[in-house]
Amino acid sequence: MHDGDMTTALMEWYARARRDLPWRRTHDPYAIWVSETMLQQTRVDTAIPYFLRFMERFPHIRSLAHAHEDDVLALWAGLGYYARARALHRAAQYVSAQHQGVVPADYAQFAALPGVGAYTAGAVMSIAYGLPYAAIDANVLRVCARIHAIEDDITRTKTKQYIAQLQRALLPPHDAGTFNQAMMELGALICTARSPQCGACPVRSYCRAHAHGRTGDIPYKKAKKNPRSERRCAIVCIREDDGRILMRQRGASGLLSRMWELPHVSLEHEEEPMPWSIDGAINPQWQEHVGIARLTHGTALAMFVHRFTHRIWQMDVVVRHAVVHRDAPSPYAWVDEQQRASLAVAALFDRIVASVRADHRV
DNA sequence: AAAACGGGGCC
DNA sequence: GGCCCAGTTTT
């Protein structure tokens with residue numbers, strides 16, 4: 001038994017068991033790049049509909065490069081990690097201008113683009129261009145850690161570098177893309193994080209974790225810190241004349257940057273002056289600022305809890321009907337149902353607005 | 001090296 | 001409720 005046999009067994013399994021995925025039906029480097037970007041920290045099943053819609057709307061690099069960022073974000077809305085979409089958009093503009101709209105077939109040039117890290121560079125260069133680079137994602141880290149019975153914390157840089165070195169040694173010189181995908185597919189279908197299907201594994205006989213009964217303990221990861229919880233209060237202002245709802249676009253940096261949201265405040269870091277409070281009091285200066293002449297008394301809705309990776313928002317929601325005497329200034333806007341569907345609305349607020357629409361039948 | 005950065009699916 | 005996911009960038 002040596003490495004060459006394991007690679008052969010893996011590749012034969014992959015040829016037989018590989019899923020038919022949209023980005024496996026193309027050799028277009030741009031399409032593969034888009035798919036790899038969407039798949040960052042995102043499951044395959046989640047990404048598929050987003051990928052199909054994105055490729056239909058932006059079929060080549062130049063169409064993406066010429067798009068407005070708001071439209072790119074709108075197609076990304078619900079996928080999360082929106083910096084990915086903005087970086088991809090900027091990278092497309094750069095490739096369009098500096099590389100004649102062709103994805104560079106050079107690792108260093110491609111890896112220099114915004115949003116392209118070691119994984120994405122290795123994946124696109126190997127899958128799209130057949131270049132001999134490894135692509136180390138969470139699947140490969142897990143599979144590799146188990147095969148070699150690596151007990152070290154796989155989140156540590158040193159462990160990742162060691163695994164990358166092992167992977168490079170296994171790389172078939174002319175079929176690195178298929179090999180990388182086979183490793184990832186094995187991790188996604190067989191060598192899963194919980195209850196791996198070792199009985200169906202094509203490389204079981206090479207796996208030291210399986211031999212030692214350690215698949216439940218490997219890979220090891222240090223526990224993550226608990227996310228911080230924060231109470232917030234959002235306001236849903238519904239126009240009495242046409243039913244539109246007041247929303248606003250977030251700024252260019254930080255969490256959910258450039259995404260649309262309901263106006264909301266933290267109840268813990270007091271914002272001065274407080275635009276409104278949970279008990280129903282509205283700051284007249286804020287009301288005047290957004291052009292509302294009159295507001296009905298508020299009705300409280302259920303609290304919405306939203307978990308991010310690193311924090312939790314407990315969002316109290318107040319619903320009010322508004323009489324408007326002046327259009328809302330940027331970044332505020334009155335949004336109807338059709339506009340909401342074409343705006344980049346953050347998932348939490350999209351959920352809240354949909355719920356309010358259902359309750360009020362508007 | 002650690003934290004920021006989304007959201008959904010699964011147990 | 002906790003863990004995980006075809007990671008990258010910033011601090």
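Order of the sequence lines sets the chain letters (A, B, ...), proteins ahead of strands, with each chain counted from 1. For the numbers below, each heavy atom of this structure counts, side chains included, while hydrogens, waters and symmetry mates do not.
- Within residues 22-56 of chain A, the residues having any heavy atom closer than 4.0 Å to DNA chain B are, in order of number, A/Gln41, A/Thr42, A/Arg43.
- Residues from residues 86-99 of chain A placing a heavy atom under 4.0 Å of any atom in DNA chain B do not occur.
- Taking every heavy atom of residues 174-187 of chain A and every atom of DNA chain B, no pair lies under 4.0 Å.
- Within residues 217-226 of chain A, the residues approached by DNA chain B to less than 4.0 Å at the level of any non-hydrogen atom are A/Lys222, A/Lys225, in residue-number order.
- A/His306 has a side-chain polar atom (N or O) that falls below the 4.0 Å cut-off from OP1 or OP2 of B/dG7.
- Chain A approaches DNA chain C over the interval C/dG2 to C/dT9, counting the first and last nucleotide 5' to 3' with an atom under 4.0 Å from its heavy atoms.
- Inspection of the A/Gln181 and A/Arg24 side chains reveals an N or O donor paired with an N or O acceptor under 3.5 Å.
- In terms of phosphate contacts, A/Arg311 brings no side-chain nitrogen or oxygen within less than 4.0 Å of OP1 or OP2 of B/dA3.
- For the pair A/Thr309 and B/dC5, the criterion of a side-chain N or O lying under 4.0 Å from OP1 or OP2 is not met.
- For the C1' atom pair drawn from B/dC11 and C/dA6, the interatomic distance equals 22 Å after rounding to whole Å.
- Because its NZ or CZ atom is not both nearer than 6.0 Å to the ring centre of A/Tyr81 and within 45° of the ring axis, A/Arg84 does not count as a cation-pi partner of that residue.
- Applying a 4.0 Å cut-off to non-hydrogen atoms, none of the residues of residues 123-132 of chain A approaches DNA chain B.
- The phosphate of B/dC5 has OP1 or OP2 within less than 4.0 Å of a side-chain N or O from A/His310.
- Using atom P as the reference point in both C/dT11 and B/dG6, the two lie 15 Å apart (nearest Å).
- Of the side-chain N and O atoms in A/Tyr81, none sit less than 4.0 angstrom from OP1 or OP2 of B/dA4.
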